[in-house]
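Naming: A, B, ... by sequence-line order, numbering from 1 per chain.
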Amino acid sequence: MDKFRMIFQFLQSNQESFMNGICGIMALASAQMYSAFDFNCPCLPSYNLAYGLGILFVPPWVLFLLGFVMNNNVSVLAEEWKRPTGMRQKDPAVLRYMFCSMAQRAMIAPAVWISVTLLDGKCFMCAFSTSVPVERLGNRSYTGLSEKEMRRILARIPCEEIYNGQELVAREVAVRYLRCISQALGWSFVLLMTMLAFLVRALRPCFTQAAFLKSKYWSHYIDIERKLFDETCTEHAKTFAKVCIQQFFEAMNIQMGLGHTHSPEAAPSEVGEEKEKLLGITDQGTMNKLLKSWHKCKPPLCLHQELSRTPTLKRGTNRDKISNEGHVTCPVLEELDRILHNHTILATFFPIFPPSKHEQRDS
Amino acid sequence: MDRFRMIFQYFQSNSESVMNGICGLLALASVKMYTSFDFNCPCLPKYNMAYGLGIMCLPPMALFLCGLILNRQSLVMLEEWKRPTGGRKKDLAIIRYMCSSIMQRAMIAPVIWIIVTLLDGKCFVCAFSSSVDPEKFVGFANITPTQTQLLLSKVPCKDDELMKNNPARKAISRYLKCWSQGLGWSVLLILIVVAFLARSLRPCFNQAAFLQTRYWSNYIDIEQKIFDETCCEHARDFAHKCILHFFESMQQEIKLRRFNAPTEEADGGEGEEDHLLGITDQEQMNELLKSWYYSKPALDVSQATQRQQSAGRERLSMPWADSLSNRGNAPQKAKTSRQTDV
């Protein structure tokens, strides 16, 4: 049980781990769906290709988009893309990183479906049974059949019980032929995907590792910040509700002309504690303003900034440099960049490294 | 057991998780219901279509209504929609948000039923076997139209003597199943595309207002829960006090003093007083509950400390004092019941 709980907690720890878990489950579900799906080739000349290719390609799209839909980062990404700049600059590298990481995870279940479909062979056989090379596998000149009639007979190859062209092409022969090609394609696909994954993983550190570390850090940060903001809002709502209800009871007391309120020594400390939890936001208008500012003007990524708590930018503070665009730059942030930049081993071998965006802006 | 408790606790952690959990359970129940349902096509000319379409459309409606019923938020939303304005203005955006979130969750189980039905194909074959064009298939030449209809309607039944050995039966069955599965996958693809677009494009429209709406709808939910809990606690202490008082009056009547009743009562009284929050009889409680519905308090708690500091002093402005005078039935009888009953 502890193991289960540990795994559960680990997967929940951040959005990426959670998505890894979901991704694994979807891959298994995709294989299970295929085996539960009752494949039913129509065995009619024009329908076979449409059905076969449909089953081969439509479910992968469904699974791919489902992988995006189940990922909470989609709305985080869209929000980060569309938000007004406010006091925090937008970094397209972070957006690209988030999108790539989501797309990579979403591609696993479709790849599993396509591999399983090709390795099984039924789909391919249904789609391409009319394209079997009759000259090589059977008797082309059998009874001088018209093209249309031959196609109709060939279309029935996947359906064992209604196939009537044994003299034209032996069904077994055609089935083996088609299945062989299908499985070859399947294994090639698997090999190709695995090779691509290997190349991407192995060669990525060779290209802009510093920028990559930065993007990874800030994309995790955005995710965690959003989660904490939601939790803070929920806690705030709870406290707000408690205090509101308490006030309501007191008001009813006063309104009904009752003399006694509850004992004074308990109340101020309790109310004071609740009031602290409210973080100074005590009415609807203020809360609405806070939520609007969170979207329209996200705070700068600078923790030692002791400006006032309102999100309007106060210029003229001497602790932070203000660049030309009016955004606050932060010495701590630049230090972090520098650390991440120097972290790569390559920096020791290749001292001439493309400067990061912050350094470019300063110079 | 431990695993269930952990999963249960995870889902209970907030009301959204609870609703997601219920939604998932309904979806699983829908699949299970379909697999255990013994589909039984009547194989008669006019009944097939009715039966097939009935099985495809009626259970989804039942599942949709189930999804609405099991969702606590639908009651909260209705209450928020229908309440008198009182001290707190109503925001239609919140009601719309709650409504759309409820509908989205309730629609998942019906959609799963419909898709599983289409992908399985039995229903579709049963409903539309009589509508197939018989000229596409061999074996239907030289037969009267009524006979054709009869034969076509027997296609879904494998064991029927008329169609058992007819080669066209399998062909028609396959043809219809192919259409059914094609339709099923298309519906699934369209729905997923719509869900994806909705999820990814929503932050592009009015995100600030959305954050506000989400916060306040969550707030209303929490407030309702906390109010219910407060009332429960109050009722418990009210009952406790009432019973103590009753026992005490019995003791006084038979003039037996086994323990130090007055001091206990005094201690208990002060302890209970906290939870009773000053409301100590039935009429006061009724008045309070009526007020809670007719005149919800304004969303402004900045005066909490002021009230404590000036306890006993008459306060001039109360956020909802004006609105209370606008109510239809003024609380006249509350003023007469000054004495407490406990």
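- Ranked by heavy-atom pairs under 4.5 Å with chain B, the first of A:E161, A:R83, A:R156 is A:E161.
- B:Q212 places no side-chain N or O within donor-acceptor distance of the main-chain N or O of A:L291, the cut-off being under 3.5 Å.
- Here A:C123 pairs with nothing under the disulfide bond (SG atoms under 2.5 Å apart) rule; sequence neighbours left out.
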TODO: Evaluate the side chain to side chain contact (heavy atoms under 4.5 Å, CB included) criterion for residues B:I222 and A:T234: first the C-alpha distance (whole Å), next the side-chain angles of each, then the deciding distance (0.1 Å), finally the verdict.
DONE: CA-CA 9 Å; B:I222 290 174; A:T234 309; 4.1 Å; yes

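- Rounding to the nearest 0.5 angstrom, the gap separating the CG atom in A:L63 from the CG atom in B:L188 is 8.5 Å.
- Residue contact with chain B, scored on non-hydrogen atoms closer than 4.5 Å, involves the backbone and the side chain of A:L66 alike.
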Open item on the list: Run the side chain to side chain contact (heavy atoms under 4.5 Å, CB included) test on A:W61 and B:V193 for me, step by step, so that the C-alpha distance in whole Å, both residues' side-chain angles and the decisive distance to 0.1 Å come before the verdict.
Closed with: CA-CA 9 Å; A:W61 275 108; B:V193 166; over 6 Å; no

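- The backbone N or O of A:N40 lies less than 3.5 Å from no partner atom in the side chain of B:R174, so there is not a single donor-acceptor pair.
- Residues B:I192 and A:V69 come closest through the heavy atom pair O-CG2, 4.2 Å.
- Applying the side chain to side chain donor-acceptor pair (under 3.5 Å) test to A:D38 and every residue at least two apart in sequence or in another chain returns B:K177.
- Residue A:F99 places its CZ atom among 12 or fewer non-hydrogen atoms of other residues, nucleotides or ligands, all under 6.0 Å distant.
- Within 6.0 Å of the NZ atom in B:K90, the count of heavy atoms belonging to other residues, nucleotides or ligands exceeds 12.
- Using the six-membered ring where Trp is involved, A:F248 and B:F227 have ring planes that are perpendicular, over 60° apart on the 30 and 60° scheme.
- For the set A:K82, A:M287, A:E80, the count of heavy-atom pairs under 4.5 angstrom toward chain B peaks at A:M287.
- One finds the NZ atom of B:K89 at 7.5 Å from the CD atom of A:Q284 (value rounded to the nearest 0.5 Å).
- For the set B:Y175, B:W185, B:F196, the count of heavy-atom pairs under 4.5 angstrom toward chain A peaks at B:W185.
- Heavy atoms of other residues, nucleotides or ligands lying less than 6.0 angstrom from NZ of A:K289 number 12 at most.
- The disulfide bond (SG atoms under 2.5 Å apart) search around A:C159 returns A:C43, not counting sequence neighbours.
- In the displayed structure, B:W179 atom CH2 is contacted under 6.0 Å by at most 12 heavy atoms of other residues, nucleotides or ligands.
- Contact annotation: the side chain of A:F68 never approaches that of B:R199 to less than 4.5 Å [non-hydrogen atoms, C-beta and beyond].
- Within residues 46-56 of chain A, the residues having any heavy atom closer than 4.5 Å to a heavy atom of chain B are A:Y47, A:Y51, A:I55, listed by residue number.
- The neighbour count for A:K122 NZ, taken as heavy atoms of other residues, nucleotides or ligands under 6.0 Å away, is above 12.
- Taking chain B as the reference chain and counting heavy-atom pairs below 4.5 Å, the highest number among A:H236, A:K296, A:E79 is found for A:E79.
- A:H295 places none of its side-chain heavy atoms less than 4.5 Å from the side chain of B:F210.
- The parts of B:Q207 that come within reach of chain A are both its backbone and its side chain, each placing non-hydrogen atoms under 4.5 angstrom from that chain.
- Both the backbone and the side chain of A:K292 come within contact range of chain B, with heavy atoms under 4.5 Å apart.
- Between A:A78 and B:S200, the closest heavy-atom pair is CB-O, 3.0 Å.
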TODO: Check step by step if side chain to side chain contact (heavy atoms under 4.5 Å, CB included) holds for A:I245 and B:W292.
DONE: CA-CA 10 Å; A:I245 289 169; B:W292 180 255; 4.0 Å; yes

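- A:F240 and B:Y219 have perpendicular rings, their planes meeting at more than 60° on a 0 to 90° scale where under 30° would count as parallel.
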